[in-house]
There are 2 protein chains.
Amino acid sequence: MANSPTGESVISRVVRLMSAFDRDLPTMTLSGLARRAGLPLTTAHRLVDDLVLHGLIERLPDGNLRSGMRMWELAARGSRALNLREVALPYMEDVQAAVHQHTTLAVLDHGTVLYVERLSSPDSSLNAAHIAQRMPIHASSSGLVLLAYSAPAVQEEVLSGRLEQVTPETITEPQLIRKHLAEIRQRGFVAIPGIGVTEWTGIAVPVFGPDGAVAATLNAIVPRGEAAVPLTVPALLTAAHGIARALKASAPAPRRL
Amino acid sequence: MANSPTGESVISRVVRLMSAFDRDLPTMTLSGLARRAGLPLTTAHRLVDDLVLHGLIERLPDGNLRSGMRMWELAARGSRALNLREVALPYMEDVQAAVHQHTTLAVLDHGTVLYVERLSSPDSSLNAAHIAQRMPIHASSSGLVLLAYSAPAVQEEVLSGRLEQVTPETITEPQLIRKHLAEIRQRGFVAIPGIGVTEWTGIAVPVFGPDGAVAATLNAIVPRGEAAVPLTVPALLTAAHGIARALKASAPAPRRL
């Protein structure tokens, strides 16, 4: 179907084009876009024209390109991320009012942690865990919590894969990670300093969905130093409980075509 | 390029598939999806397989399909909507704390109003203006404000198009709309009851971007009855001013490929 000479589908090439846009580089020229997407200029040109026609890419008055509102709309309308964050937002505000640090909501997706919401603290200098960014599972508190409550098969897949040394303190030894996962399930939270970003401690708790499985993780990122942890955990546990209750209440009645 | 026998491109068919998901129907079977997208089952099957491969659609354990996290991520990363709502969110919270009603942020896109953020009030029974939903420009306070500060050519295009009678009070007479637009520019806000949803009054003010053009509109939806309006307008104007200031501060330094 619609494959290039290399056998790559149109959908695959569109994904490469749309992936080229990010928060640090939201607009670029056609040739810049082609280069970042690794596509020949003529191929990029043809696809971009069609994407502009459908509003998935916007052409600015100066000729530069950026991701289109229609792309955001298409993705947002039926999205699990949107429902999660809509339900979770008031509870995240409660946490931030108590904790005064970045507060994030993340899910497990395609073998990594994906941040679906963040309330930023103006007091925090941390430049990480942005919305729609990803982190390796083993190198973030959010990932470890999500993994701790995942099925054993999921855990083994992650632990048998490549475990990148993100900081000097990232735990990359599968046996040691297993020990942490057991401890997380016993205590109900995680707080290991410096595994994702040196000088910061992510404190994360699970959020359970209506089916009883872990649906997301709620996380506050505090400056390194244990003092903040005992105060932050109860705030997170309280809010996570509230989100789980609200998710249950918001679960749509079964209606399917 | 990759056109079907009808001449429709792969991108166009993918847009039809992704459009089939929405907040009221987030999951469906393959045949339900094909039907809603208006595509032959074999075509839908082939495209969906490729979309699942790239994570743009997810296959649930029961075989049903839903919009994928990767789709949301692709759209969110470089999105103008995401930057706008990140900047605006604290100010929207301020408004909601003062007004206790649905508070929305919307932009003009492809000739309609698109809601990019909403803080919902638990006290409000209104079921409209959801995130990623659209409204006709002339039938919403948000749309009238955005139109009032748009270029004359944009205004004329909207006013010469079809002006649907959404409620008995929707204004569909171009000359009367022009009068309202002039009044909005003079007063700096709009509050016309019942034009989009009977029994509700949208109160909207413009949010200006760093380039001086209208970037969005901030809107509170209050039960019909003039009492709330004088109290709501100053709250919206204050917050819109704060968002404009924050947008200016957050405007990225030019960096382009």
Side-chain angles (χ1 to χ4, degrees), chain A residues 1-2 9-12 14-15 18-29 31-33 35-36 46-47 50-51 53-56 58 64 66-67 69-83 86 89 93 107 109-110 114 116 119-120 131-134 252 255-257, chain B residues 1-2 9-12 14-15 18-29 31-33 35-36 46-47 50-51 53-56 58 64 66-67 69-83 86 89 93 107 109-110 114 116 119-120 131-134 252 255-257:
Chain A
M1 163 194 56
S9 74
V10 170
I11 289 169
S12 172
V14 166
V15 167
M18 298 310 300
S19 303
F21 297 99
D22 64 29
R23 61 178 295 126
D24 296 323
L25 193 63
T27 72
M28 60 195 98
T29 62
S31 58
L33 177 57
R35 199 157 58 239
R36 267 171 75 99
R46 218 171 42 215
L47 289 169
D50 205 4
L51 289 166
L53 187 72
H54 289 91
L56 304 188
E58 287 170 8
N64 278 287
R66 81 171 157 204
S67 177
M69 278 285 176
R70 178 93 178 108
M71 177 75 193
W72 173 83
E73 177 195 9
L74 270 189
R77 279 172 50 185
S79 169
R80 178 162 54 108
L82 190 64
N83 182 49
E86 269 197 90
L89 194 57
E93 286 164 13
V107 299
D109 181 71
H110 286 75
L114 176 63
V116 296
L119 293 182
S120 307
I131 296 173
Q133 281 196 340
R134 292 181 180 263
R255 180 196 157 210
R256 284 187 177 146
L257 276 182
Chain B
M1 165 193 56
S9 73
V10 170
I11 290 170
S12 171
V14 165
V15 167
M18 299 310 301
S19 303
F21 298 100
D22 64 30
R23 61 178 296 126
D24 296 324
L25 193 65
T27 72
M28 60 195 95
T29 61
S31 59
L33 176 57
R35 197 159 57 241
R36 267 171 74 99
R46 219 171 41 215
L47 289 168
D50 205 4
L51 290 166
L53 186 73
H54 289 90
L56 305 187
E58 288 170 7
N64 278 286
R66 82 170 155 203
S67 178
M69 277 286 175
R70 179 92 179 106
M71 178 74 193
W72 173 83
E73 177 195 9
L74 270 189
R77 279 171 52 184
S79 168
R80 181 161 53 110
L82 190 62
N83 181 50
E86 268 198 88
L89 193 56
E93 286 164 13
V107 299
D109 181 70
H110 285 77
L114 176 62
V116 295
L119 293 181
S120 307
I131 296 173
Q133 281 196 341
R134 292 181 181 264
R255 180 197 155 209
R256 283 187 176 146
L257 278 182

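No hydrogens, no waters, no symmetry mates; every other heavy atom, side chains included, goes into these values. Throughout, a chain's letter reflects where its sequence line sits, starting with A, and its residues are numbered from 1.
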What is the minimum heavy-atom distance between [X] and [Y], and which atoms define it?
X: B/E86; Y: A/S120; result: OE1-OG, 4.4 Å
X: B/M71; Y: A/L74; result: CE-CB, 4.0 Å
X: A/A75; Y: B/W72; result: CB-CA, 3.6 Å

Chain B heavy atoms under 4.5 Å from [X]: which part of the residue, side chain, backbone, both or neither?
X: A/I131; value: both
X: A/R70; value: both
X: A/V116; value: both
X: A/L56; value: side chain

(request) Tell me, out of B/L119, B/L53, B/L114, B/L89, who's got the most heavy-atom pairs with chain A below 4.5 Å. (result) B/L114
Approximate separation, where rounding is to 0.5 Å, of [X] [atom1] and [Y] [atom2]:
X: A/E73; Y: B/H110; atom1: CD; atom2: NE2; answer: 9.5 Å
X: A/R46; Y: B/S9; atom1: CZ; atom2: OG; answer: 11.5 Å
X: B/L51; Y: A/I11; atom1: CG; atom2: CD1; answer: 4.0 Å

(request) Give, as side chain, backbone, both or neither, the part of B/Q133 having an atom under 4.5 angstrom from any heavy atom of chain A. (result)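 Neither part; nothing is under 4.5 Å.
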(request) Select one option (side chain, backbone, both, neither) describing which atoms of B/V14 are under 4.5 Å from chain A's heavy atoms. (result) side chain
(request) Apply side-chain contact (heavy atoms from CB on, under 4.5 Å) to the pair B/D50 and A/V10, showing each step before the final yes or no. (result) CA-CA 10 Å; B/D50 205 4; A/V10 170; over 6 Å; no
(message) Out of A/S67, A/A76, A/A20, A/S12, return the one with the most heavy atom pairs under 4.5 angstrom to chain B.
(response) A/S12
(request) Under the side chain to side chain donor-acceptor pair (under 3.5 Å) rule, collect the residues that match up with B/E58, sequence neighbours excluded. (result)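 Once residues adjacent in sequence are excluded, the partners of B/E58 under the side chain to side chain donor-acceptor pair (under 3.5 Å) criterion are A/R80, B/R66.
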